[in-house]
Structure formats: structure tokens, C-alpha cells
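Take a look at the structure below.
The structure presented is a predicted model; accordingly, all values stated were derived computationally and were not measured. Residue numbers start at 1 and run along the sequence shown. Counting starts at 1 for both ligands and their atoms, in listed order.
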Amino acid sequence: MALYSEKVMDHFRNPRNIGMIENADGIGEVGNAKCGDIMKVYLKIENGIIADATFETFGCASAIASSSMATELIKGKPISDALALTNQAVVEALDGLPAHKVHCSVLAEEAIKNALKDYYAKNNMEYELDLLPDSESCIHGSDA
Ligand code: FES
């Protein structure tokens with residue numbers, strides 16, 4: 001059996017939503033200290049909807065595929081859906097990742113939550129902060 005699903009290969013070879021958004025409403029950056037990979041997510045938010053989501057990922061194929069899929073999953077959705085996005089949902093949408101690559105999908109979840117955290121901070125709003133990752137722990141990464 002192939003190590004990576006066709007969907008992972010597709011999103012790695014043809015990543016959707018790559019690049020930055022000028023004047024983004026929220027920007028979230030995370031890194032995994034062990035592998036050194038870094039992911040940055042940009043959000044445009046209009047009337048509580050994720051109008052656009054893009055990413056810049058300096059990392060492995062699974063991290064690129066995860067950020068591509070994660071941004072696809074939240075585009076056009078309400079903020080609450082984006083906040084609820086889990087790395088497991090990203091893995092399922094990609095038709096799976098090898099166990100030792102699941103941590104790459106965690107970066108996508110954390111980068112989106114940090115971008116939303118940035119959005120709320122910029123707008124002086126508090127919103128279910130317990131759903132948001134502790135940015136310190138993101139920098140140190142996860143072995144999940
Ligand atoms: Fe680090 Fe994939 S190996 S994010």
C-alpha cells in the first residue's frame with residue numbers, strides 16, 4: 001500500500017490557497033521545534049465568515065497537504081466552524097496520514113486557531129479562548 005493517499009499527493013503537488021493575504025484580518029504562525037517546520041495561515045473574515053484563507057508552509061509534504069486541505073475546509077464557513085476544526089478532521093479529509101506524520105496536521109489546526117486568536121485580539125473581542133491553543137506550546141510542537 002502507498003504510504004500517502006492520492007489526496008495527500010494531490011494537495012502536496014497542487015496546493016490550494018498558497019500565499020499571503022494583504023491586510024489579513026488574522027495571521028497565525030506555528031512551528032514544530034523537533035522537525036523545524038513552520039506554518040503561517042492568513043484569514044480574511046467578513047461578517048463572521050471566513051471569506052478567504054491562505055497559507056505559507058515551510059515544511060514536509062504532509063504539512064503542505066494539511067495546510068492546503070485545512071484552508072479548503074474552512075473557506076466560506078462561519079468562524080465557529082473554523083474554531084472547531086480538528087487535526088483529525090484534516091487527516092480524515094486527506095484520507096489518512098501515516099501515524100508518524102499526524103503531527104503535521106496538528107500544525108494546521110494550531111495555525112488556524114492562532115490566526116483566529118489574532119483576529120479576536122485585533123478586534124478587542126474575547127471568544128471561547130479555551131478552544132485556542134496556548135501559543136507557547138505550539139512553538140514547542142507536538143508529537144501527536
Ligand atoms: Fe514536521 Fe511534517 S515533519 S510538520
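A single hydrophobic cluster is not seen to contain both I21 and M39; linkage of ILVMFWY side chains at heavy-atom distances under 4.5 Å, directly or through other members, places them apart.
Residues passing the salt bridge (Lys or Arg N to Asp or Glu O under 4.0 Å) test with R16, sequence neighbours excluded: D10. The side-chain contact (heavy atoms from CB on, under 4.5 Å) search around A89 returns L85, T86, not counting sequence neighbours.
Judged as a salt bridge (Lys or Arg N to Asp or Glu O under 4.0 Å), the pairs with a partner in residues 78-98 (not counting sequence neighbours) are, in order, K7-D95.
No hydrogens or angles considered: a donor-acceptor pair under 3.5 Å links the side chains of E56 and Y42.
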*Step-by-step side-chain contact (heavy atoms from CB on, under 4.5 Å) determination, L107 to S67*: CA-CA 8 Å; L107 283 187; S67 22; over 6 Å; no
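The distance cut-off of 2.8 Å around atom 2 (Fe) of ligand 1 captures these protein N, O or S atoms, sorted by chain and number: C60 SG, C104 SG.
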